[in-house]
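Down below is the structure, laid out as structure tokens.
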Amino acid sequence: MKQFINQFLVLLTLMMLSVANQAVASDRNPILPVPQYIQYGEGILSISQLSIGFERSPSEEDIFTANELIRMIREECGVEIALNEKSTSSANLIFKKLADAPSTPQLDEKVGRDSREAYQIAITPTGVLITAKSSTGLYYAVQTLRQMVVGEDELAYFPVATVEDWPKLAYRGFMMDMTHMQFPTVDEIKRQLDFLALWKTNQYYFYSETNIELEGYPLLIPNARFSKEQMEDIIAYAEERHIDIVPNLNLYGHLHDFFKYEHYADLAATPYGREFSTTDPRVNAIVSDWVKQFAELFPSPFFHIGFDETWLIELEAKKVGSTVEDVYLKMLERTASIVEAKGKKVMLYADMLQKYPNAISNKLSNNILVAWHYGPLKEETYREMLEPFKQFEVPIFVQSATLNWKFLYPATSVSFRNHRLLLNEGMKYGARGFINSGWTDDSQVLMRSSRPDMAYGSSVAWNNVEIGESDFFDKYTTILYPAVLSDIIKQAHLELSKADRLTRSALGSTTNALWDNPFSEKSLEIIRNHKDKLKAARLASEEAQILLRQALPHHVDSITLFAMLTGARELDMLTMRYLFAGRISDIHEKYQEKRDLVEFRRVLAEATAFFSSLTVDMFDVIVETKEMFREAWLNEYTTYRLGIPMSKFDRELDFWFGVQNRLKTLVEIPGDERLPPLSELLDMD
């Protein structure tokens with residue numbers, strides 16, 4: 001009887017798989033980054049029948065990759081795959097590594113079919129063969145294979161297919177700002193690394209001004225810096241995922257957090273300034289000490305020294321009686337020689353050399369110049385940025401950014417376009433690397449909201465395939481979320497993008513607009529001209545909130561969805577405050593026309609009533625948004641500097657209490673007197 005039942009179950013499974021086989025064509029999943037070559041065949045391979053083996057003795061890296069695949073399959077479809085490290089006789093998912101190679105990018109990385117990161121996947125009805133030159137290629141094959149899973153439980157399968165894939169760019173990085181405002185926790189950095197690894201990112205630039213522990217400098221942000229032990233942990237974690245942690249430091253400008261201390265203030269070009277003095281003999285010893293400590297801490301062959309936005313250099317040049325170009329290049333040559341002596345490749349930002357192009361020469365060819373720009377430009381403008389470096393054969397990377405520091409919610413419609421344009425133009429001029437970046441130099445930045453941008457930047461850097469915003473969100477959410485949620489979250493992303501786009505169109509920088517006075521003459525003029533946009537933006541932000549509240553109870557990627565919900569709530573609060581200011585302005589203007597104090601008092605209650613009015617509504621939304629933002633912040637960051645955005649919410653609450661109280665004084669004005677101008681009455685900057 002038992003044998004009969006087993007035979008029946010096998011037959012039933014085969015029948016159901018046969019039905020699934022007929023639907024394969026429509027069930028082929030989107031894959032990001034899009035492989036260079038993929039060809040589907042007839043048939044399917046049941047995942048429940050798989051077991052993993054190795055053609056040659058596996059390294060620790062290969063065992064890690066196999067276990068990652070087992071975990072991903074378990075999470076994707078609930079099937080447990082067996083792993084046999086020592087024998088392949090019973091295995092039918094085989095890892096075949098052709099050679100040994102470094103885990104992370106080196107200085108001489110190649111691209112193409114024969115590169116260290118290339119891989120092939122062959123799926124047949126009887127098994128899977130993954131072939132790669134290195135452990136990195138095997139790991140990237142797993143990132144693609146996990147996206148090809150169709151179905152759940154015993155019915156889960158892979159479609160028969162052949163994949164051949166390799167990167168178009170050798171270096172595909174993400175730079176994370178660890179300095180300006182928020183400080184990510186170590187756990188959140190690890191979650192970022194996990195996320196970036198899904199999209200085949202191979203570099204993570206750790207941007208730090210003074211917040212990595214340095215021996216001999218106990219004053220530098222003692223309550224918020226990353227210890228050497230934490231950095232070693234992060235570096236090892238990244239290496240398992242074939243990501244190189246590149247030190248992205250500042251060894252010239254952007255050092256106010258150093259110079260603000262009296263101990264170091266006189267080392268700056270200006271008192272308590274931002275840039276090293278180029279003439280103080282003590283500077284060289286300090287830079288040498290820092291480079292030594294960081295070179296020992298970071299095993300990366302790359303060493304980013306910053307050197308951007310040294311705006312005080314003109315004052316320094318006048319002080320020493322020299323040209324800007326000469327001052328800059330002398331400091332660069334001194335610093336670069338220290339770094340190179342430690343066996344590291346110098347990287348630096350290109351903006352000052354673009355500002356002073358006479359400093360560009362083939363003497364820079366030993367360095368890598370990182371040309372950055374964060375908003376879409378015309379083709380000729382990119383050409384002007386990049387052409388001088390090609391002319392002198394200076395190696396370049398290009399750097400874009402997720403636009404999250406001027407806006408309450410990332411402006412993906414802008415940043416996606418800049419990624420594509422900058423990458424395309426960069427490759428025309430020989431760029432070997434693309435870096436996306438996440439800046440936190442604004443109190444409202446939640447990096448979780450930038451995750452689509454992080455994935456988009458990594459994807460286009462791998463294959464340089466153009467993909468539109470809506471199409472990307474469709475693929476992105478299908479890959480990351482179960483079917484019951486993917487369309488809901490896709491629509492939430494699109495509504496948030498719409499809300500951001502419309503609000504920016506009306507108000508410009510949405511972060512600044514959140515704290516500006518909405519009753520100023522300038523603001524009231526904006527409201528009169530853009531009321532329809534503000535209403536449409538608010539409707540979109542509310543629609544996003546509805547969708548996200550549907551998704552959150554499923555407890556899938558809750559931190560990210562809550563960050564998105566918080567962003568939607570902030571956009572709602574922003575558009576609400578301007579629309580409400582417009583309504584109060586209308587009430588004020590109506591009285592000026594009719595001069596009916598009785599009616600005015602009755603209508604004014606709409607704005608000032610204690611228990612139900614426009615101002616009380618603002619009290620409610622400010623308090624609720626503040627609490628949401630605090631929770632979203634602590635999901636990602638340490639408590640350091642949390643008080644700054646919280647104090648802004650408190651000031652906003654005080655502002656609307658002031659609005660309510662000052663409006664109430666209007667009822668005391670006799671009916672034959674004109675009201676004072678609203679902008680004057682409510683000018684509370």
Discussion item. Pair Thr131, Leu98 - check side chain to side chain contact (heavy atoms under 4.5 Å, CB included), show working.
Written reply: CA-CA 7 Å; Thr131 307; Leu98 302 178; 4.1 Å; yes
Distance only, no hydrogens: is a donor on one side chain within 3.5 Å (strictly under) of an acceptor on the other, for [X] and [Y]?
X      : Y      : result
Thr65  : Asp62  : no
Tyr637 : Thr440 : no
Glu117 : Asn202 : yes
Thr136 : Arg116 : yes
Tyr374 : Gln399 : yes
Gln120 : Lys96  : no

Practice prompt. Not counting sequence neighbours, which residues clear side chain to side chain donor-acceptor pair (under 3.5 Å) with Ser415? List them please.
Written response: Asp453
To the nearest 0.5 Å, how far apart are [atom1] in [X] and [atom2] in [Y]?
X      : Y      : atom1 : atom2 : result
Lys97  : Phe54  : NZ    : CZ    : 9.0 Å
Arg451 : Trp199 : CZ    : CH2   : 10.5 Å
Met454 : Ser458 : CE    : OG    : 7.5 Å
Ile94  : Asn92  : CD1   : CG    : 7.0 Å
Thr477 : Asp487 : OG1   : CG    : 7.0 Å
Phe562 : Asn635 : CZ    : CG    : 7.0 Å

What's the shortest heavy-atom distance between [X] and [Y], and which atoms?
X      : Y      : result
Ser135 : Ser59  : OG-OG, 3.7 Å
Phe174 : Gly438 : CZ-N, 3.5 Å
Pro167 : Arg172 : CB-NH1, 3.5 Å
Asn418 : Ser400 : ND2-OG, 2.8 Å
Val346 : Leu348 : CG1-CD2, 4.2 Å
Thr402 : Asn436 : N-OD1, 3.4 Å

Sub-3.5 Å donor-acceptor pair from the side chain of [X] to the main-chain atoms of [Y], do we have one?
X      : Y      : result
Asp153 : Leu155 : no
Gln230 : Ser227 : yes
Arg241 : Tyr237 : yes
Asp233 : Glu229 : no
Gln106 : Thr104 : yes
Asn424 : Arg420 : yes
Gln203 : Pro105 : no
Arg432 : Glu109 : yes
Glu164 : Tyr37  : no

Practice prompt. May I have the step-by-step check of salt bridge (charged side-chain N to carboxylate O under 4.0 Å, His left out) for Arg71 and Glu68, ending in yes or no?
Written response: CA-CA 5 Å; Arg71 177 186 62 80; Glu68 282 287 275; 3.1 Å; yes
Discussion item. Consider side chain to side chain contact (heavy atoms under 4.5 Å, CB included). Of Leu50, Ile44, Thr124, which one does Phe158 pass it with?
Written reply: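 Exactly one option meets the side chain to side chain contact (heavy atoms under 4.5 Å, CB included) with Phe158, and it is Leu50.
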Worksheet item: For the side chain to side chain contact (heavy atoms under 4.5 Å, CB included) test, which of Leu480, Asp557, Thr201 pairs with Phe195?
Response: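 Output: one option passes, namely Leu480.
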For the residue pair [X] and [Y], establish whether any side-chain heavy-atom pair is separated by less than 4.5 Å.
X      : Y      : value
Leu377 : Leu421 : no
Asn404 : Met447 : yes
Ile479 : Asn29  : no
Asp244 : Pro301 : yes
Val445 : Trp439 : no
Tyr40  : Met148 : yes
His493 : Met564 : yes
Lys190 : Val186 : yes

Worksheet item: Under the side chain to side chain contact (heavy atoms under 4.5 Å, CB included) criterion, do Thr144 and Tyr119 qualify, and how do the steps go?
Response: CA-CA 10 Å; Thr144 296; Tyr119 66 89; 2.5 Å; yes
Item to complete: State whether the number of non-hydrogen atoms from other residues, nucleotides or ligands found under 6.0 Å of Glu60 atom CD is greater than 12.
Response: no
Discussion item. Surrounding CD of Glu80 (heavy atoms of other residues, nucleotides or ligands, distance under 6.0 Å), is the total greater than 12?
Written reply: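 Yes - once you tally the heavy atoms of other residues, nucleotides and ligands closer than 6.0 Å, there are more than 12.
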Would you mind checking if [Y] and [X] are paired as a salt bridge, meaning a charged N to carboxylate O distance below 4.0 Å?
X      : Y      : answer
Lys292 : Glu296 : yes
Arg448 : Glu636 : no
Asp187 : Arg191 : no
Arg383 : Glu425 : no

Worksheet entry | Given Trp372, Tyr349, Phe397, the one that forms ring-ring contact (aromatic ring centres under 6.0 Å, His included) with His304 |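 With His304 as partner, Trp372, Tyr349, Phe397 yield a single ring-ring contact (aromatic ring centres under 6.0 Å, His included), made by Tyr349.
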Relative to each other, are the rings of [X] and [Y] parallel, tilted or perpendicular (30° and 60° limits)?
X      : Y      : value
Phe416 : Tyr456 : parallel
Tyr476 : Phe473 : perpendicular
Phe434 : His419 : perpendicular
Phe298 : Phe206 : tilted

Worksheet item: Hey, mind stepping through Arg56 and Asp100 against side chain to side chain contact (heavy atoms under 4.5 Å, CB included) and telling me if it holds?
Response: CA-CA 11 Å; Arg56 57 184 287 196; Asp100 293 319; 3.3 Å; yes
Discussion item. If you apply the rule side chain to side chain contact (heavy atoms under 4.5 Å, CB included), what do you find for Phe389 with Tyr429, and how did you get there?
Written reply: CA-CA 8 Å; Phe389 301 115; Tyr429 291 94; over 6 Å; no
